[in-house]
Number of protein chains: 2
Amino acid sequence: MMEVMTTRAESAAATRRALLDAAAELLDLGGPEAVTLREVGARAGVTRGAPYRHFTGKDSLLTAVAAESWERIGDQVHALRTDPSLSASEKLRGALRALIDVGRNQPHLYQVLFRRRANLPGQLGDGMDRIRRQLCGPEGDPAVADRAAERFQDEFLDIVAALAGERNARHYGALLLTSAHGIAGMELSGHLDTDKWHTTADELVDTLVRMVTDVGETT
Amino acid sequence: MMEVMTTRAESAAATRRALLDAAAELLDLGGPEAVTLREVGARAGVTRGAPYRHFTGKDSLLTAVAAESWERIGDQVHALRTDPSLSASEKLRGALRALIDVGRNQPHLYQVLFRRRANLPGQLGDGMDRIRRQLCGPEGDPAVADRAAERFQDEFLDIVAALAGERNARHYGALLLTSAHGIAGMELSGHLDTDKWHTTADELVDTLVRMVTDVGETT
DNA sequence: TCATACAGTTGACAGCGTCATCTGAACCGG
DNA sequence: CCGGTTCAGATGACGCTGTCAACTGTATGA
């Protein structure tokens, strides 16, 4: 049965978890538009104002969901990289497919993962307001999601380095990563017509892996 | 000075144009969230209900904006393809950069261009409602945007075929297109850290062009 | 000339994110 | 054990949104 909640910290942590789970579920079902703070609260057993005790707002909540997902993907790629039963090519193919599979199985989540970072452009005027706000809660901070996404990229980079050599790893790593992202994105948006192009996302991944494998051998 | 509007059709057409222009401008400024039917109407000199005479709703309006943009990009690539002063490689590089430049200069528009197509997944239940609705107005119909996007892809495919041969054109064309889309997307979202990867989007494009040029030569 | 079609206006509604305010119970120093 | 404090959560309110039904006035076409 359910553990009895005694301390306030435990109860708050449980609410936070429930909010994140509810948000992730609603995101899967109907995209960011369907993630209503009212509905999230209801599914977590609280009311519409409660999420503001754990996140600075809706954006912050979605960012936290993205951060957890990045961590999960990072773990997955880490497991691939350190699996001694896999060849270097298999590791690379697995990492690329891991990303594309998220696009396939959780398209709405995938789009949130690659949301535009808030403080990218030269907007510094009201940027300070946003930044200060999001510093209120350490979670939902874009920096948290950024760190998690970068860990994934680091793991990925190591896999590429083992295959194509340290020299080419960064350039070709970026090429592979962006290409996989593009494959996932166009498959997701429906702009990759497999009939028109006589090819599939999986075949494109194979070609990418083969190309980098060749680079590694001839270097 | 301004031409006097007499006929009702002219007036309506002018309003439609103004609505599209206002929507495109607001999209550039603040993304889809900033495209308010009230503000669009205000900038077009009408009120909030007027857009419903020309589009079935906000989604339909944004789809029409995307369709016009796809047509513009298609024209641009067509001009590249038929320019006798350019080499095949230059045509390919230009086409890829044309797409990436949209991502750079109009990031919000770019995301709308690659919006998920409505009728992709197996949702047929309420899908009929949506479809019948969007058939009311021939514009804003997703099919219009799809046709425009496909014309761009056809032009692009021809450029690749001239460089890599008919045999490889489709497979490598898809690879190039998805890769360019991924480069644009990750640069746009801020996930392509040029310091970390020791490379830039432009260098990645050059590598892609070189790879396909090699394929064309060795075939 | 007169009925009609139709672009555009207006009022209304439900739902949204967000904030200020309030409440009650867990906490903690004495 | 007790009384003040902190803080998770509830609640009311506000402005904004997309959407639709009902309405208005004018150009159209027979």
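So that the names make sense, note that chain A is the first sequence line, chain B the second, and so on, each numbered from 1.
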**Message:** Holding to ring pair (Phe, Tyr, Trp, His ring centres under 6.0 Å), I want the full list of residues that pass it with Tyr52(A), two or more places apart in sequence or in another chain.
**Reply:** none
**Fill in**
Between Gly57(B) and Gly49(A), the residue closer to the 5' end of DNA chain D by nearest nucleotide is Gly49(A)
**Euclidean distance, atom CG of residue Leu19(A) to atom P of dG9(D) [Å, nearest integer]** = 8 Å
**Distance, rounded to the nearest Å, where Arg16(A) contributes CZ and dG9(D) contributes P** = 12 Å
**Request:** Can you tell me the distance, in whole Å, between the CZ atom of Arg48(A) and the C1' atom of dT18(C)?
**Result:** 10 Å
**Message:** In this structure, how many angstroms lie between the C1' atom of dT17(D) and the CG atom of Asp59(B), rounded?
**Reply:** 14 Å
**Request:** State whether Lys91(A) and Asp158(A) are salt-bridged, where the test is any N-O pair (Lys NZ or Arg NE/NH1/NH2 against Asp/Glu carboxylate O) under 4.0 Å.
**Result:** no
**Phosphate-side-chain proximity, Thr15(B) and dG8(C), N/O vs OP1/OP2 below 4.0 Å** = yes
**Message:** Using a 4.0 Å heavy-atom cut-off, does Gly41(B) contact any base of the nucleic acid, only the sugar-phosphate backbone, or nothing at all?
**Reply:** nothing
**Prompt:** His54(A) has an atom NE2; how far is it from atom P of dC7(D), in whole Å?
**Reply:** 13 Å
**Prompt:** So, Ser11(B) side chain and Thr7(B) main chain: donor-acceptor pair closer than 3.5 Å or not?
**Reply:** no
**Request:** Round to the nearest Å and state the distance from Lys58(A) atom NZ to dC16(D) atom P.
**Result:** 18 Å
**Message:** Distance check needed: dA8(D) C1' versus Phe55(A) CZ, whole Å only.
**Reply:** 14 Å
**Pairing residues for Glu155(B) by the side chain to side chain contact (heavy atoms under 4.5 Å, CB included) criterion, not counting sequence neighbours** = Val77(B), His78(B), Arg81(B), Arg151(B)
**Request:** Check whether any side-chain N or O of Tyr52(B) sits under 4.0 Å from OP1 or OP2 of dG8(C), and answer yes or no.
**Result:** no
**Request:** Over 60° means perpendicular and under 30° means parallel, so classify the ring planes of His191(A) and Trp70(B), tilted if in between.
**Result:** tilted
**Request:** Please check if any side-chain donor atom of His54(B) sits under 3.5 Å from a side-chain acceptor atom of Thr15(B), or the reverse.
**Result:** no
**Prompt:** Taking the side chain from Ser69(B) and the backbone from Val65(B), do they hold a donor-acceptor pair closer than 3.5 Å?
**Reply:** no
**Complete:** Residue set satisfying side chain to side chain contact (heavy atoms under 4.5 Å, CB included) with Asp154(A), at least two apart, ordered chain then number -> Lys196(B)
Expected rows: protein N/O vs nucleotides 1-3 of chain D N/O, under 3.5 Å:
none

**Prompt:** Under 4.0 angstrom, heavy atoms only, what part of the nucleic acid is Ala50(A) near: base, sugar-phosphate, or nothing?
**Reply:** sugar-phosphate
**Message:** What is the distance, to the nearest angstrom, from the CZ atom on Arg53(A) to the P atom on dT11(D)?
**Reply:** 15 Å
Table of protein N/O atoms under 3.5 Å from nucleotides 27-30 of chain D N/O atoms:
| unit_1 | atom_1 | unit_2 | atom_2 | d |
| --- | --- | --- | --- | --- |
| dT28(D) | OP1 | Arg8(B) | N | 3.4 |

**Asked** What residues, two or more places apart in sequence or in another chain, satisfy side chain to side chain contact (heavy atoms under 4.5 Å, CB included) together with Ala161(B)?
**Response** Glu166(B), Ala169(B)
**Asked** Listed in order of residue number, which residues of residues 23-40 of chain B have a non-hydrogen atom at under 4.0 Å from DNA chain D?
**Response** Val35(B), Thr36(B), Leu37(B), Arg38(B)
**Prompt:** Okay, side chain of Gln111(A), backbone of His108(A): is any donor-acceptor separation there less than 3.5 Å?
**Reply:** no
**Request:** Any salt bridge (Lys or Arg N to Asp or Glu O under 4.0 Å) involving residues 60-73 of chain B? Give me the pairs, sequence neighbours left out, ordered by first then second residue.
**Result:** Arg17(B)-Glu68(B)
**Message:** Checking Thr178(A) now: which residues fulfil side chain to side chain contact (heavy atoms under 4.5 Å, CB included) with it, not counting sequence neighbours?
**Reply:** Ile183(B), Met186(B), Leu192(B), Leu204(B)
**Asked** Can you pull the salt bridge (Lys or Arg N to Asp or Glu O under 4.0 Å) pairs that have at least one residue in residues 103-115 of chain B, sequence neighbours excluded?
**Response** Asp59(B)-Arg115(B), Asp101(B)-Arg104(B), Arg104(B)-Glu187(B), Arg104(B)-Asp202(B)
**Item:** Axis deviation across the helix from dT1(C)-dA30(D) to dC27(C)-dG4(D), five-pair ends, to the nearest 10°
**Value:** 0°
In a table with atom names and distances, give each donor-acceptor pair under 3.5 Å that connects a side chain of residues 29-43 of chain B to protein atoms at least two apart or in another chain.
| unit_1 | atom_1 | unit_2 | atom_2 | d |
| --- | --- | --- | --- | --- |
| Glu39(B) | OE2 | Arg43(B) | NE | 3.0 |
| Arg43(B) | NH1 | Glu25(B) | OE2 | 3.0 |

